> 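Starting off with a structure, shown below.
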Amino acid sequence: MPGHELYAQARADLEDISAFFAGLKPADDRQRELIATARPFFIQVIQTTLLMSRQLASPVPKLLLFVVVGWSAPLFLSFGFLNAFNLVSVAAVALGSVAVASAIFMILEFSQPYSGLVRISSVGVDNLIATLGR
């Protein structure tokens, strides 16, 4: 899985950055201040990468989908049984089921932001990685 590879790489990067900052020998107070300021920013970037890799490895808990479908199915079934069969009640139940289905679809789409029908651009992340690689 790409999420696991990204996680392993981010873990290694975090250890490399920690070793890099530990190996620096500042000559004066200005350099110590710069190192103290830079270290949290680099660690935050790596921790964000770790968080993204964890979220990509397991985007949506199956239990969430099971609970949403498990609750909505009996609700719409009971609405259908308890209402009189006419055009308005059928339209209301159909509209409600489309709303729940579209919500589930959006949850699944947004759980994988770089693929699917609704995507975000990876240009910003690519530029950040290129800048950090220099």
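Predicted, not measured: the structure shown is a model, and the values here were computed from it.
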> List, by chain and number, the other hydrophobic cluster members for F41, where Ile, Leu, Val, Met, Phe, Trp and Tyr join if side-chain heavy atoms come within less than 4.5 Å, directly or indirectly.
none
> Could you tabulate the donor-acceptor pairs under 3.5 Å formed by side-chain atoms of residues 91-100, not counting sequence neighbours?
residue	atom	partner	partner atom	Å
S97	OG	V93	O	3.2
S97	OG	A94	O	2.8

> What residue pairs, at least two apart or across chains, pass salt bridge (Lys or Arg N to Asp or Glu O under 4.0 Å) with a residue in residues 29-49?
D29-R32
> Please enumerate all residues that pass side chain to side chain contact (heavy atoms under 4.5 Å, CB included) together with L77, with sequence neighbours excluded.
F81
> The criterion is side chain to side chain contact (heavy atoms under 4.5 Å, CB included); which residues satisfy it with L82, sequence neighbours excluded?
none
> Which heavy atom of Q31 sits nearest a heavy atom of K25, and at what distance?
OE1-O, 4.4 Å
> Of all residues at least two apart in sequence or in a different chain, which pass the side chain to side chain contact (heavy atoms under 4.5 Å, CB included) check with V69?
I104
> Considering residues at least two apart in sequence or located in another chain, which fulfil the side-chain hydrogen bond (donor to acceptor under 3.5 Å, both in side chains) criterion with S89?
N86
> Which ILVMFWY residues can you reach from V90 by hopping between side chains whose heavy atoms are under 4.5 Å apart?
F85
> Same cluster or not: are F76 and V67 linked, directly or through other Ile, Leu, Val, Met, Phe, Trp or Tyr residues, by side-chain heavy atoms under 4.5 angstrom apart?
no
> Tell me, please, which residues at least two apart from D28 pass side-chain hydrogen bond (donor to acceptor under 3.5 Å, both in side chains).
none
> Report the residues that fulfil side chain to side chain contact (heavy atoms under 4.5 Å, CB included) with A38, sequence neighbours left out, ordered by chain and then residue number.
F21, F42
> Supply the atom-to-atom distance L108 CG to L117 CG, rounded to the nearest 0.5 angstrom.
11.5 Å
> Between W71 and F79, is there a shared hydrophobic cluster once you connect ILVMFWY residues whose side-chain heavy atoms come closer than 4.5 Å?
no
